[in-house]
Amino acid sequence: MLSGTTFGYINGIITMLSLISGMYVTHVTKIGIIGAILAMVISDPLLDAYAIYVAQKANNPDISPSVAIRAFITQVGLQAMFLTIIIVSPTIKQGLYASYVAGFIGTCLYGYYKDLSLIDTVKNLISIAALVCLTIIIDSAVYKRFK
């Protein structure tokens, strides 16, 4: 997770799948989901990249901003992909399922590209699934409590 690309990729997938899942179970409209994703595309990658840069600069004053730039570009690209999936999907549910498929295939391809072991890729997939399930459980409970 130390490289900017790896951080941006994993963080981008988890953030988007959790966001879309949580908004789906709380019955947010498609336009609401699109608006929330747009807000994330604008703010989340920029803030994460800045945090990475500041943290690395504290340990190494001569650090290049390239790690932060890679994290930013990776996250924006991923989040734009999920935004596109939601926009072109006929229903929110289809967009959600397409996002799951894209996220899991993307994680597998990234593991292959980075030459991760099968065990590490499976751990990443399980971690993503667990975080998404936790989001769904919590957001479902919140929706039932406050609807």
When rounded to the nearest 0.5 angstrom, what distance separates [atom1] in [X] from [atom2] in [Y]?
| X | Y | atom1 | atom2 | result |
| --- | --- | --- | --- | --- |
| Asp139 | Lys144 | CG | NZ | 12.0 Å |
| Ile34 | Ile87 | CD1 | CD1 | 5.0 Å |
| Leu38 | Ser43 | CG | OG | 10.5 Å |
| Leu47 | Ile42 | CG | CD1 | 11.5 Å |
| Cys133 | Ile126 | SG | CD1 | 11.5 Å |
| Leu17 | Leu78 | CG | CG | 9.5 Å |

**Flag side-chain contact, heavy atom, 4.5 Å: Asp48 against Phe72** =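 Not touching, per the 4.5 Å side-chain cut-off.
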**Note, Asn124 side chain near Leu116 side chain (heavy atom, < 4.5 Å)** =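 Result yes, sub-4.5 Å side-chain heavy-atom pair found.
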**Asked** Is there a side-chain contact (heavy atoms from CB on, under 4.5 Å) between Gln56 and Asn60 once you walk through the steps?
**Response** CA-CA 6 Å; Gln56 295 224 353; Asn60 181 0; over 6 Å; no
Treat each ILVMFWY residue as a node, draw an edge where side-chain heavy atoms are under 4.5 Å apart, and state whether [X] and [Y] are in one component.
| X | Y | value |
| --- | --- | --- |
| Ile73 | Ile63 | no |
| Ile69 | Tyr53 | no |
| Val122 | Tyr112 | no |
| Leu19 | Val28 | yes |

Can you name the nearest heavy-atom pair linking [X] to [Y], along with the distance?
| X | Y | result |
| --- | --- | --- |
| Ile20 | Ser99 | CD1-OG, 3.8 Å |
| Ser21 | Leu96 | OG-CD1, 3.6 Å |
| Ile37 | Gln79 | CG2-O, 4.0 Å |
| Cys108 | Thr121 | CA-CG2, 4.0 Å |
| Ile13 | Gly103 | CD1-O, 3.7 Å |
| Gly12 | Phe82 | O-CE1, 4.3 Å |

**Request:** Please assess Ser89 against Tyr97 for the test side chain to side chain donor-acceptor pair (under 3.5 Å), listing each intermediate value before the final yes or no.
**Result:** CA-CA 10 Å; Ser89 295; Tyr97 291 155; over 6 Å; no
**Message:** Please check if the number of heavy atoms outside Lys57 that lie under 6.0 Å from its NZ is greater than 12.
**Reply:**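 More than 12 within 6.0 Å, yes.
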**Request:** Report the hydrophobic cluster partners of Tyr50, with the cluster defined as I, L, V, M, F, W, Y residues connected by side-chain heavy atoms closer than 4.5 angstrom, directly or transitively.
**Result:**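 Hydrophobic cluster check, Tyr50: joined to Val54.
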**Residues Tyr143, Val25; criterion side-chain contact (heavy atoms from CB on, under 4.5 Å); working and verdict** = CA-CA 8 Å; Tyr143 180 77; Val25 299; over 6 Å; no
**Asked** When you measure from the side chain of Ser18 to the backbone N and O of Thr15, does any donor-acceptor pair fall under 3.5 Å?
**Response**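 The answer is no, because no donor-acceptor pair under 3.5 Å joins these two groups.
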